[in-house]
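The structure appears right after this line, and notes come after that.
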Amino acid sequence: MEHVDVVCPFCGCLCDDLEITVEEGHITGIKNACAVSRSKFLNHGSHRITSAAVDGKKASMKKAVKEAVEILSNARRPLIYGLSSTECGAISKAVEIGEVTGGIVDNTASVCHGPTILALQQVGESKATLGEARNRADMVVFWGSNPTAAHLRHIVRYSVMPKGMYSTEGRKGRKVIVVDVRQTGTTRLADKFVKIKPNSDFELLQALRATVRGDELPVDEVSGVPMKEIKELAEEMKNCKFGIVFFGLGLTQSEGRHMNIDAAVGLVSELNRHTKFVLTPMRGHYNVAGANTVATWQTGYPYAIDFSKGYPRYNPGEFTAVDLLASGEVDAAMIIASDPAATFPADAARHLAKIPTITLEQKTTPTTMLSKVVLPVATAGVEAEGTAYRMDGVPLRLSKLVEPPKGIHSDEKVLDMILEGLKEVAQ
Amino acid sequence: MRKLVLKPKGFSKIPIEAEVISPDIIGGKTLPEVKALSVQYGNKVHSLSEFFDVGGRIAKTPDEQDIVVDGDASHVKYIGKGMTTGRIVVQGDAGMHTGSQMKGGSITVTGNIADWTGAEMKGGLLRVLGDAGNLLGAAYRGSSDGMTGGCIVVNGSVGSEVASFMRRGMIVVLGDTGPFTGVHMNGGEIFVFGKVGRRAGAQAKGNGGFIACFGGIDELLPTYRYDTTFTPTFMRLYLRQLAGNLGIDVATSYIDKPMRRYRGDLAVGGNAEILVAEKA
Amino acid sequence: MVTALDKIEVTLISGRTAKQGVGLEEGKPSESYVDSVRLIQLCPGDAEKLDLKEDSPVTVTTEHGSVTVHWVEEKTLESGMIFFPYGPWANQVYNSVTDGTGMPIMKAVKATVEAGGKVQSLTEIVDSLKGGS
Amino acid sequence: MKDIVIKGGYVYDPLNGIDGEKVDIHLSDGKVVEKTKKNAKVIDASGKTVMPGGVDLHSHIAGSKINIGRLMRPEDHRKDEVPKGKYTRGGVGYSCPSTFVTGYRYAQMGYTSVMEAAMPPLGARHVHEELIDTPIIDKAAFPLFGNNYFTLKYVRDGDQEKLNAFVAWMLRATRGYAVKIVNPGGVENWKWGRNVYGLDGKVEDYDITPRQIVTSLAKANEALGLPHTIHLHCNNLGMPGNYKTTIETMEVAKAIKPKKGRKTTIHVVHCQFNALAGDNWMNVKSGAPHIAKYVNGNDHVTLDMGQLIFTDTTTMTGDGPWQFALWNMTGNKWVNSDVEMEAGAGVVPYTFKKNNPANTVQWGIGLELALLIDDPWKVYMTTDHPNGGPFTYYPKVMAWLMSRQARTDTMRELNKAVLKRTSLANIYREYTFNELAISTRAGTAQALGLKDKGHLGAGADADVAIYDLDPTGWRPSQYKMLEKAFASAAYTIKGGEVVVKDGEVVSTPLGATHWVDVKIPSEVEEDLMKDLAEDFKKYYTVSLRNYPVEDEYLPIQKVHKTRGAWK
């Protein structure tokens with residue numbers, strides 16, 4: 001059977017033009033996909049966890065869920081974390097589990113674009129959906145982002161190559177500028193590569209904004225970039241018809257963090273006094289935007305949410321996973337669709353091995369390897385359907401193309417089993 | 001003043017939220033009532049006496065109440081939150097949000113103190129003899145109203161984003177500050193006798209606010225412009241007051257020092273001042 | 001002929017690579033994943049400075065930790081900068097302190113690189129997180 | 001579910017001509033019936049006010065815009081933390097309440113139906129996902145048409161037939177209920193950083209005018225026989241002098257032939273923001289009397305107040321250029337969010353202050369509109385939540401409408417000289433309970449074409465609000481009592497189930513989502529789909545196949561079928 005216009009559940013691009021062939025319940029062909037997407041669809045069945053496990057021993061799903069319920073209901077300060085590579089139904093259940101257990105719900109935004117959200121809360125953000133880039137942009141800036149490694153079809157589908165309503169010439173009609181500390185695949189296709197010193201994005205963004213405002217700065221260079229070049233760049237930005245900045249972890253994970261984004265937002269807002277300018281974070285996991293979106297409509301807060309007092313409270317730095325684990329504050333953890341043992345600084349990851357950790361996962365990961373309870377789940381977007389939010393906030397429907405392995409349920413279903421168990425215990 | 005002594009029964013990795021440790025709440029209560037005050041411990045509510053030995057005397061009114069937390073309270077959050085009067089002394093370290101939104105009275109912490117100390121402070125005096133964490137006297141997430149009054153003095157060093165979105169009030173740091181001191185500052189005064197960290201005054205609009213740097217500054221943002229070198233009279237007055245009223249002796253040695261004045265942050269069209277004392 | 005240095009000081013940048021993405025979708029224990037993240041990239045000049053042999057491991061050390069991995073040349077990197085793909089090995093050298101933001105610093109970290117050390121397997125890394133072996 | 005009889009209350013059911021009489025209301029199987037069976041549960045409403053469940057026809061409760069508001073305002077949430085309860089989820093309130101809290105609080109005020117007034121079609125799934133998490137109330141969402149590429153294209157090409165088909169298709173694709181238009185043409189120009197000024201300004205890339213857009217969409221609306229008229233946020237919002245544009249826009253709709261059985265062809269939303277006279281924000285004054293005069297003399301217009309509340313709130317509209325202007329005026333944080341091919345939005349926190357002359361005038365305008373327009377069936381109570389203020393302030397607005405004393409007490413705190421720029425101080429009218437019921441349920445339900453809502457006749461949905469207030473003894477000086485009673489219903493009954501008792505939520509069923517399904521002849525649809533397919537491929541970043549909202553997003557739906565423009 002041929003499926004067309006399938007939505008890809010890998011990165012924040014959420015490309016929705018995949019063509020997938022399913023024969024006898026297996027995916028046998030895939031078109032239009034990038035290398036990672038291809039790998040995801042073709043390998044979703046390999047290295048699978050086939051059975052639930054407790055303390056490293058195979059266990060029935062029922063027993064493993066019971067164990068999970070026991071761990072969570074006995075915990076004083078449970079952490080529920082992950083949620084960026086699953087669909088919104090599962091995210092919704094996870095938030096409710098956080099509320100029922102009086103725990104903390106955090107998602108992987110805290111180590112990717114959490115700082116972007118902090119900046120938005122300080123100064124706002126001028127943004128647009130990706131089609132605006134396609135149809136209108138004559139200037140595209142990649143700042144601390146490298147789609148050639150992280151968002152493989154972004155350049156072709158959305159930002160650089162495509163022809164659109166007013167960008168009738170595609171690549172030729174766009175000026176592409178890359179600001180980075182090193183050469184990457186993206187810098188190679190740029191019209192201009194602004195190479196800056198590490199940890200100095202903030203200064204350059206500020207200098208650009210001041211220059212756009214018309215101030216003469218009393219310095220010769222900023223961040224390793226001569227003032228003359230900065231002035232040129234400011235002029236180019238002011239004079240384009242529609243500019244867009246795609247920024248990445250180069251800004252959020254280096255010194256300055258949210259303040260780098262604060263400055264980027266400020267620059268872009270300022271440019272709107274001269275022309276049209278927007279910016280869009282390059283969200284990594286395919287539904288990390290959804291994790292923030294669902295949590296926000298349900299609780300008011302996008303991540304780092306503490307339910308210990310019965311109502312949600314928010315404070316990144318206090319209720320974020322890395323901080324909670326590094327300080328040893330949490331006494332149990334449930335990880336959904338994420339692999340903190342492979343993505344957190346070792347200091348933080350270490351605590352997961354010390355406390356009872358429950359992990360919902362398809363394949364063996366460092367996190368499952370140190371978990372007390374492992375619950376195998378279906379792959380959303382391949383074996384289970386649901387909603388995902390693209391990096392620009394556009395919601396799309398993920399498909400179920402094949403059945404999950406026998407006895408294996410979706411994240412949402414497994415979380416619901418745990419939730420029901422918790423509600424029973426509470427009564 | 002009547003002195004109530006709270007002795008922590010030990011350290012807990014799970015923090016305790018004890019905004020009840022405040023003269024406003026304790027003053028006028030009976031000892032059993034105080035012991036039964038609620039504190040949050042993870043997802044459960046406990047009584048204060050489960051975590052502290054409670055002894056000493058309780059005043060009839062909050063303004064007469066003196067509270068001593070005698071021991072390590074680095075796991076205790078929100079001590080003195082929103083207090084308006086009376087006095088708290090922590091003999092040791094204290095946890096996050098100590099003295100947040102306080103309006104009056106005084107808090108002294110003899111050890112170190114965690115993040116968000118004195119956040120959105122409105123009045124009163126908060127002194128830390130050791131080091132302070134990040135976001136000292138800061139605005140909580142999303143708010144553009146940081147500190148609006150009161151005074152914070154830290155003898156040691158402080159972390160990043162001191163006094164974010166500060167509007168009024170005063171912060172004095174005898175040691176060094178981390179990055180983004182006075183970020184988004186829109187009024188208020190910051191005095192640093194150690195070294196000021198990177199990116200001080202970022203996005204500061206000014207509105208009369210300044211950062212006085214007596215121990216030098218790592219580097220200035222390119223969006224601050226040198227203006228003049230002068231020996232401001234108001235600074236002499238401040239420094240005398242700091243020495244006389246707050247016992248900050250080091251202040252006197254800068255009384256006649258000329259200061260270099262920089263204005264910014266030009267990125268936001270601001271006119272905040274960074275005043276850097278000339279080296280001796 | 002340059003004399004080989006014991007150790008060079010570098011700025012460590014981490015990030016994604018397409019290979020790492022492909023590998024992780026195969027499975028974290030897969031060779032393809034492990035090979036994609038258990039290495040650093042550095043410029044030929046720096047490799048020469050350290051007199052690195054093709055198969056010899058290198059040890060990356062920061063204020064916070066140390067880890068031994070393989071290395072590959074990446075001509076586009078400037079001298080004094082290494083690239084370390086995100087993953088369990090890179091995590092050994094990052095600080096978990098977030099300065100009140102929730103986000104640890106994973107880019108532009110000061111580090112040193114030297115030749116030698118023993119490369120750990122994924123299981124060994126996980127065991128070390130468990131506090132074992 | 002047990003039948004219910006509400007006995008002995010003073011009933012206000014304007015659509016059925018019941019004005020405060022003691023009538024028993026019988027509810028069975030989710031509907032109002034003539035008579036219930038013997039063992040019905042009896043609710044004693046003696047000494048209380050009984051009304052149909054409230055129907056809010058313009059509020060921002062679900063979707064990307066309000067969620068941006070929630071996201072950007074943690075400082076707002078801290079003012080209003082809502083713990084989980086026995087039957088209820090936790091969350092936050094104030095100006096951008098979480099979805100659960102939105103449902104609870106509307107129900108606590110006796111409201112049972114709320115319209116989300118601006119749905120960007122590309123984000124329709126998002127709106128519906130949030131509506132699923134908005135408990136108790138019935139709801140519907142209005143897709144944005146006024147700056148949609150296909151609208152502009154068909155208007156440019158003069159192809160009314162295609163436009164009709166497109167409107168019908170889009171309502172189905174997004175599961176939308178009504179045609180929403182925001183600053184027609186202006187949001188399109190904003191995509192290049194500009195605006196459109198006035199009805200005859202130029203929509204740049206299409207060489208058409210807002211006048212043409214409004215005309216064409218109103219024609220489509222009536223030709224398709226949609227239950228509600230076009231729902232229009234006029235051009236020039238927030239610009240002193242804009243009352244003229246507003247009246248001109250009403251004039252445009254006058255020329256449109258309404259669908260059978262209806263006189264109206266336009267609903268002007270949050271009119272307060274579009275009823276400004278004067279030349280600038282310094283000398284701004286009320287244009288409300290002009291608008292009231294027009295509305296009093298014409299029967300094709302309805303409008304809602306968009307009443308301003310003196311509080312800290314979050315402004316959010318589909319009007320990108322206006323929000324940009326507001327950012328420039330205030331320097332507050334600003335989110336702009338443009339949606340490819342179809343819409344945009346902006347969000348800026350704003351505090352309405354009693355010492356701000358412009359805000360004082362605006363406050364007066366909202367009330368003037370409600371009080372100077374004689375016929376309560378033409379003007380409805382809203383705050384354009386949360387733009388003029390959070391919906392939780394409705395009881396306060398009710399008090400201002402029903403009590404001159406309440407207005408005077410507020411006016412005492414305002415600058416008298418500034419107040420003279422409105423006529424409010426000279427208005428003595430006080431709404432009756434009957435008029436209040438029209439303004440908050442009967443009129444809105446009628447305007448929306450929700451035949452089963454807003455009344456208590458047999459066949460109506462069993463949505464009832466009972467307020468602990470004796471209307472026979474109440475005097476306008478006791479307005480605080482009224483505020484209290486309407487803030488916290490003694491009972492709210494939704495679909496025949498008691499959901500609120502003594503102001504507390506006791507049950508949280510999921511309400512229905514209403515949408516309009518217009519029949520499109522297959523050959524017309526085929527023709528349209530060809531067009532859509534081609535342009536989607538060229539310009540959209542999602543495929544046409546992935547665009548329409550699936551049934552999964554509407555677990556409980558109420559479909560309103562119309563026959564459309566085709567024979």
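Throughout, a chain's letter reflects where its sequence line sits, starting with A, and its residues are numbered from 1.
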Q) So, A:K363 side chain and C:E25 main chain: donor-acceptor pair closer than 3.5 Å or not? A) yes

Q: Kindly give the heavy-atom pair with the smallest separation between A:A342 and C:Y33, and that separation in Å.
A: CB-OH, 4.4 Å

Q | chain C contact via A:L152 - which portion, at a heavy-atom distance below 4.5 Å | A | side chain

(Q) Is C:I13 close to chain A through its backbone or its side chain, or both, or neither, when contacts mean heavy atoms under 4.5 Å? (A) side chain

Q: Please look at A:K195 and chain C and tell me whether the side chain, the backbone, both or neither of the residue comes under 4.5 angstrom of a heavy atom of that chain.
A: side chain

Q. Only one of A:D323, A:T320, A:T252 forms a side chain to side chain contact (heavy atoms under 4.5 Å, CB included) with C:M103, so which one is it?
A. A:T252

Q.
At a 4.5 Å cut-off on heavy atoms, which part of C:T11 comes close to chain A: side chain, backbone, both, or neither?
A. side chain

Q) Where is the tightest heavy-atom contact between A:D339 and C:K28, given as atom of each residue plus distance? A) OD2-NZ, 2.6 Å

**Q.** Toward chain C, the part of A:A35 with a non-hydrogen atom under 4.5 Å
**A.** both

Q: Examine the side chains of C:Y86 and A:Q253 and answer whether a donor and an acceptor come within less than 3.5 Å of each other.
A: yes

Q. Atom CD in A:E255, atom CG in C:D99: separation rounded to 0.5 Å?
A. 9.0 Å

Q: Taking all non-hydrogen atoms of both residues into account, name the closest pair between A:R350 and C:L129 and its distance.
A: CG-O, 3.1 Å

Q: Provide the closest heavy-atom pair for A:V111 versus C:G102 in the form atom of the first, atom of the second, distance.
A: CG1-O, 4.3 Å

Q) Given that the side chain runs from C-beta out, which part of A:C11 has a heavy atom under 4.5 Å from chain C: side chain, backbone, both or neither? A) neither

Q | Validation row: C:S96, A:V322 side chains within 4.5 angstrom (heavy atoms) | A | yes

**Q.** chain C contact via A:L118 - which portion, at a heavy-atom distance below 4.5 Å
**A.** side chain

Q. Which pair of heavy atoms, one from A:M369 and one from C:L122, lies closest together, and at what distance?
A. SD-CD2, 4.3 Å

Q) Do C:N91 side-chain atoms and A:F344 backbone N/O form a donor-acceptor pair below 3.5 Å? A) yes

Q) chain C heavy atoms under 4.5 Å from A:R38: which part of the residue, side chain, backbone, both or neither? A) neither

Q) Side chain, backbone, both or neither: which part of C:V97 has an atom under 4.5 Å from a heavy atom of chain A? A) backbone

(Q) If I measure from the heavy atoms of chain A, does C:M106 come under 4.5 Å with its side chain, its backbone, both, or neither? (A) both

Q) How far apart are the closest heavy atoms of C:K107 and A:N199, and which atoms are they? A) O-OD1, 4.2 Å

Q: Evaluate the side-chain contact (heavy atoms from CB on, under 4.5 Å) criterion for residues C:R16 and A:N146: first the C-alpha distance (whole Å), next the side-chain angles of each, then the deciding distance (0.1 Å), finally the verdict.
A: CA-CA 9 Å; C:R16 274 178 185 284; A:N146 178 17; over 6 Å; no

Q.
As an exercise, state the distance from CG of C:N95 to CG of A:D347, rounded to the nearest 0.5 Å.
A. 7.0 Å

Q | Residue part contacting chain C, namely of A:P115, when any heavy atom lies under 4.5 Å | A | side chain

Q) Considering only heavy atoms, which portion of A:A346 lies under 4.5 Å from any heavy atom of chain C: side chain, backbone, both, or neither? A) both

Q.
Does any backbone or side-chain atom of C:E78 lie under 4.5 Å from a heavy atom of chain A? Answer side chain, backbone, both or neither.
A. side chain

Q | A:F41, part contacting chain C, at a heavy-atom distance under 4.5 Å | A | neither

(Q) Donor-acceptor check, side chain of A:H47 to backbone of C:E26, threshold 3.5 angstrom: yes or no? (A) yes

